[in-house]
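Side chains included, hydrogens not; waters and symmetry mates left out as well; all remaining heavy atoms used. Note that the structure is predicted; figures quoted are calculated from it, not measured. Indexing begins at 1, ligand by ligand and atom by atom, following the structure's order. Quick note: residue numbers are just sequence positions, from 1.
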Amino acid sequence: MIWNEARECMSRDEMHNLQSARLKKAVNRVYHNVEPYRKKMQEAGLEPGDITSIEDITKLPFTTKDDLRDNYPFGLFAVPLSEIVRVHASSGTTGKATVVGYTRKDIDVWAECVARCCAMAGLGRNDIIQVAYGYGLFTGGLGGHYGAEHLGATVVPMSVGNTQKLIDMMIDFGATGLMCTPSYLMHIAEVIEEMGVKDKIKLKATLNGAEPWTENMRTQIEERLGIKAHDIYGLSEIMGPGVANDCEYHAGLHVFEDHFYPEIIDPKTFEPVPDGQTGELVITTLTKEGIPMIRYRTKDLTSITHEKCKCGRTTARISRFTGRSDDMLIIRGVNVFPSQVEAALLTVDGITPNYQIVVDRVNHQDTLAINVEVEERFFSDEIKELESLQKKIEHAVHQGIGLNAKIKLVEPKTIERSMGKAVRVIDKRKLV
Ligand code: DLL
């Protein structure tokens with residue numbers, strides 16, 4: 001049985017003891033096997049014996065993407081390469097890719113975690129799951145694949161690239177589960193409608209992540225396809241998909257705390273923030289062998305609660321991500337998160353969640369333009385309708401982010417679709 005499928009989870013005390021024992025082991029492992037970690041600990045005047053329980057975690061130095069880059073490609077591995085059975089890599093925004101390695105046990109733990117996510121979405125061994133994340137160096141495809149197989153489901157490794165074929169097979173095979181990015185799911189929904197085959201699909205649940213999306217977008221997709229859509233979170237530095245996932249109550253994402261210890265810190269002061277307050281998520285891997293991460297700064301902004309969920313699970317929950325501490329746009333001095341723009345847009349009736357934010361600088365002044373796809377009917381209606389819609393969107397955006405934006409309404413399917421992570425922001429200021 002997949003742990004967590006059962007609603008009886010560990011008590012908080014049991015979890016605490018398990019985390020403490022596992023942290024001690026993890027710290028010993030990195031101190032003795034990974035030189036950069038040993039150096040950092042020594043610089044902080046720390047020895048493994050100083051870490052006696054999970055509370056001591058705050059004594060330990062942080063790890064960042066730069067540490068991975070500086071030790072490219074295998075310098076943070078804690079085992080010899082002969083123990084590593086797989087590597088993945090994510091393209092960095094600057095410079096070299098960050099490379100991660102997995103032992104056989106790491107792959108098993110990963111599969112178990114993704115299987116838990118599928119179980120949370122109500123999927124099981126009788127389901128047929130299409131995996132439409134990219135297969136390759138990106139962790140989405142193979143991570144989803146191994147997890148769904150571990151669950152005992154029948155896995156269809158679609159990868160990305162051919163939406164028509166994906167839908168044909170969804171119908172022919174009677175697929176009941178689908179894993180892909182939320183923006184790709186939106187595109188799939190459009191094509192299903194275009195093909196007029198909605199009544200032929202048996203899809204029940206989807207697991208969507210790898211990019212920020214809003215609660216509004218989730219419910220819109222659910223209604224459109226008549227399915228349950230779940231938010232799956234993860235990052236390659238920690239493992240890949242399956243670090244956390246939301247249950248049927250969608251009241252935050254349950255973190256698999258027996259493997260990943262979450263902390264929320266203030267990204268400026270690095271001090272812990274209380275439950276319920278937004279900050280940066282920091283994760284320590286408690287069981288990872290290949291490339292353990294101690295206090296890894298994810299740059300993802302969220303808040304945490306340790307209260308028991310309505311579903312009965314006792315694991316800590318993180319809220320839907322509001323953005324990253326490093327994707328925040330500063331436009332005319334105002335902090336703007338793309339997810340806020342999306343949330344504002346989706347309050348207006350008649351638009352689809354396909355949009356692109358274009359930030360530029362003209363005469364030393366920031367400009368903000370948002371291209372928004374609106375429903376076909378507006379283009380066949382009178383021009384007055386279009387103008388009034390534009391005004392409504394301008395108002396909603398101003399309400400949501402406190403800025404005036406130039407709204408450009410475009411016809412459906414004008415904005416380039418992505419089969420991976422959607423390109424939501426074009427910041428031309430960076431190119432100058
Ligand atoms: O995106 C792993 C993944 C694959 C997760 C498939 C979920 C599904 P990376 O390419 O390393 O790994 O990117 C990790 O993507 O730090 C977040 O900023 C963002 N991200 C991932 N999941 C979510 C989510 C994969 N559910 C980065 N909501 C992370 C918001 C997400 N952002």
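Side chain to side chain, Y355 and E342 meet the donor-acceptor criterion of an N or O pair below 3.5 Å.
Under 4.0 Å from any atom of ligand 1, one finds heavy atoms of residues Y133, F138, T139, G140, G209, A210, E211, P212, D231, I232, Y233, G234, L235, S236, E237, P241, D300, F321, R324, K421.
Counting only residues at least two apart or in different chains, salt bridge (Lys or Arg N to Asp or Glu O under 4.0 Å) contacts with residues 121-139 comprise D127-K204. A salt bridge (Lys or Arg N to Asp or Glu O under 4.0 Å) check over residues 223-234, counting only residues at least two apart or in different chains, returns the pairs E193-R224, D231-R320.
Taking the six-membered ring for Trp and the full ring otherwise, the centers of Y37 and Y31 sit at least 6.0 Å from each other. For H88 and W110, the distance between ring centers is under 6.0 angstrom.
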I'd like a table of donor-acceptor pairs (distance under 3.5 Å, sequence neighbours excluded) in which one partner is a side-chain atom from residues 344-354, with atom names and distances.
{"from": "T347", "atom 1": "OG1", "to": "A344", "atom 2": "O", "distance (Å)": "2.5"}
{"from": "T352", "atom 1": "OG1", "to": "N354", "atom 2": "N", "distance (Å)": "3.4"}
{"from": "T352", "atom 1": "OG1", "to": "N354", "atom 2": "ND2", "distance (Å)": "3.3"}
{"from": "N354", "atom 1": "ND2", "to": "E190", "atom 2": "OE2", "distance (Å)": "3.1"}

